[in-house]
Structure formats: structure tokens, C-alpha cells
Amino acid sequence: MKELSKKIFVGGRPVIISGAIYTAASLVIVLSAWLIGLHRYDLGRTISAYIGFRVWTAVLYFFCATTMFTILVIYIYRTPMPLLKKITYFFVFFCVWGCSIFPCNDDWSEKVTNVHLGFAYGLMFSASFTFLINLFLIKRKGPWIFAAITFAYAVCFIIALLLLNWKWFDDTIFIWENLCIYLLMVELYLEHLPIVAKEDKT
């Protein structure tokens, strides 16, 4: 068990593994739905909607999210970063886990779906906050530009989703939602690299 732990928790490997788990689970859930004609090629549905369409996909995603949550919490705990960032990251992935516990499907339970939406909004705003924090912590030009782009994207996402209700955005929400998730994963991966500013020792 210790040997397995050593292999998993090396550098940014936990983030890569978690990203692979999310990608594999999403592909199985979405493609299996499309194969049986369930909202086939419908990009206006969120990944949460696809997960909640069927019981077995909701159960599958719960186990995947629990695995991801466990791996990433250990990674965040072990990775040197400001306490505020650790707390925010913990909250981000707690929201991811919460979304998996409460599937999004009004036909099953409107109350459960509302709890799911609460976690989803918590995820959206807390992830955006991590992007904002990096604008103040990162000093090197390249990584800072990435942080600026991710934060700008998060702001545009929130505005388009909550304020403007753009039809083209709603009709392709699946793309924009997953892009946000992968940007978060890239940001988290970068935490183990020496590009995030530490205290200046000079």
C-alpha cells in the first residue's frame, strides 16, 4: 500500500490521475447516453445533467468523485502553498464531492437537485477565487498570464450564465463547463512547480 501511495503522490501525478478519472467517467457517462439516444449530441446539457439521467451513472460518478476528492485532498495537504489557497482548494473539491452525493435530476427529487445546485454554485465561485488569488501570488510572466486568462474566463462564464442568459452559451454549456474544470486542473497541477511565488528570500 505504501509503495502504491509513493507512486501516486509524486509531483503533480495526483492531478493527472484525477483528471484521467474525470475524463474517463465523463466519456462513459455521456457516450453511453448518446448511444441509446438519450439527449444525443446535446451540448446544452451539463455534465451533471448527464450524470443524473440514470441511476448507474450517478453511482459511477459518486465513486469516481470520491476517489478524486481523496487523492486531491492529500495532494493539496502535502503541497506547499498559502493556507488561504489550501482552504479554498479544499472547499472547491468538497463542492465537487457534494455534487456527486446529490445528483441533479428534478424527476428524482427537486430538493436534492436544489442542494446539488448549491454545491455547483459554490464550486463555480470558489474555483474563480483560486484563479483570482493566483493573480496576486504569481510573479513570472508566463504563469501570471495563464492566471489572468483563467480568471477572465471564470468571470465571463459567471456573467454569461447568471446575468446575460445568452442562448448560444446555454446551448453549448457542456463545452464551457468542462473547459473551466480542466483549467482548474491545470492550475492545481502547476502548484507543485516552482512558478508560484514564494516569499522573496533576497
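Residues take their numbers from the sequence shown, with the count starting at 1.
- Of the residues listed (L183, L135, I133), the one engaging F151 in a side-chain contact (heavy atoms from CB on, under 4.5 Å) is L135, and it is the only one.
- Using a 3.5 Å distance cut-off with no hydrogens or angles, the side chains of T130 and E187 do pair a donor with an acceptor.
- Hydrophobic clustering (side-chain heavy atoms under 4.5 Å, transitive across Ile, Leu, Val, Met, Phe, Trp, Tyr) groups L162 together with I173.
- With hydrophobic clusters built from ILVMFWY side chains whose heavy atoms lie under 4.5 angstrom apart, L72 does not share a cluster with F91.
- Side-chain contact between R13 and Y75 is absent, with no heavy atoms from C-beta onward closer than 4.5 Å.
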Decide yes or no on ring pair (Phe, Tyr, Trp, His ring centres under 6.0 Å) for W176 and F157, but give the supporting numbers first. CA-CA 8 Å; W176 312 120; F157 184 96; 8.7 Å; no

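- Inter-residue side-chain proximity for L137 and K85 is flagged as met; some heavy-atom pair is nearer than 4.5 Å.
- Using a 30° and 60° split on the angle between ring planes, H39 and F53 fall in the parallel class, below 30°.
- Considering SG of C95 and CZ of F125, their distance stands at 11.5 Å, rounded to 0.5 Å.
- I87 and L123 are not part of a single hydrophobic cluster, where members link through side-chain heavy atoms under 4.5 Å apart.
- When the side chains of ILVMFWY residues are joined at heavy-atom separations under 4.5 Å, either directly or via intervening members, Y77 and Y89 end up in a single hydrophobic cluster.
- Counting heavy atoms from C-beta outward, F63 and V59 have side chains that approach closer than 4.5 Å.
- Between F146 and V186, the closest side-chain pair of non-hydrogen atoms falls below 4.5 Å.
- Distance check, rounded to the nearest 0.5 Å: OG1 of T67 to CD1 of I17 gives 11.0 Å.
- When side chains are defined from C-beta on, S128 counts as touching I158, because their heavy atoms get closer than 4.5 Å.
- Applying the side chain to side chain contact (heavy atoms under 4.5 Å, CB included) rule to L27 yields the partners T23, L31; only residues at least two apart in sequence or on another chain are considered.
- Nearest heavy atom pair, residue L161 against residue M124, reads CD2-SD, 3.9 Å.
- Between the OG1 atom in T88 and the CG atom in L84 there is a gap of 4.5 Å [rounded to 0.5 Å].
- Of the candidates T57, I47, L35, N178, V30 forms a side-chain contact (heavy atoms from CB on, under 4.5 Å) with just one, namely I47.
- Under the 3.5 Å distance criterion, with hydrogens and angles disregarded, no donor-acceptor pair is assigned to the side chains of W56 and Y61.
- Note that the CZ atom of F94 and the CZ atom of F119 stand 4.5 Å from one another [nearest 0.5 Å].
- Residues P103 and V112 form a side-chain contact, since some pair of their non-hydrogen atoms from C-beta on lies under 4.5 Å apart.
- Pairs engaging residues 159-179 under the salt bridge (charged side-chain N to carboxylate O under 4.0 Å, His left out) rule: K167-D171 [sequence neighbours left out].
- At a threshold of 4.5 Å between non-hydrogen side-chain atoms, the residues Y22 and M68 count as touching.
- Note on residues 27-43: pairs passing salt bridge (charged side-chain N to carboxylate O under 4.0 Å, His left out), not counting sequence neighbours, are D42-R45.
- Under the side chain to side chain contact (heavy atoms under 4.5 Å, CB included) criterion, I159 pairs with V155, L163, L164, not counting sequence neighbours.
- Shown here for V92 and A127, the closest heavy-atom pair between the two residues is CG2-N, 3.7 Å.
- Legend: residues meeting side chain to side chain contact (heavy atoms under 4.5 Å, CB included) with I175, ordered by chain and number and at least two apart, are L43, T172.
- Side-chain contact between L179 and Y153 is present, with at least one heavy-atom pair separated by less than 4.5 Å.
- The cluster map of Ile, Leu, Val, Met, Phe, Trp and Tyr, joined by side-chain heavy atoms under 4.5 Å apart, puts I29 and Y41 in the same cluster.
- For S32, the side-chain hydrogen bond (donor to acceptor under 3.5 Å, both in side chains) partners at least two apart in sequence or on another chain are R54.
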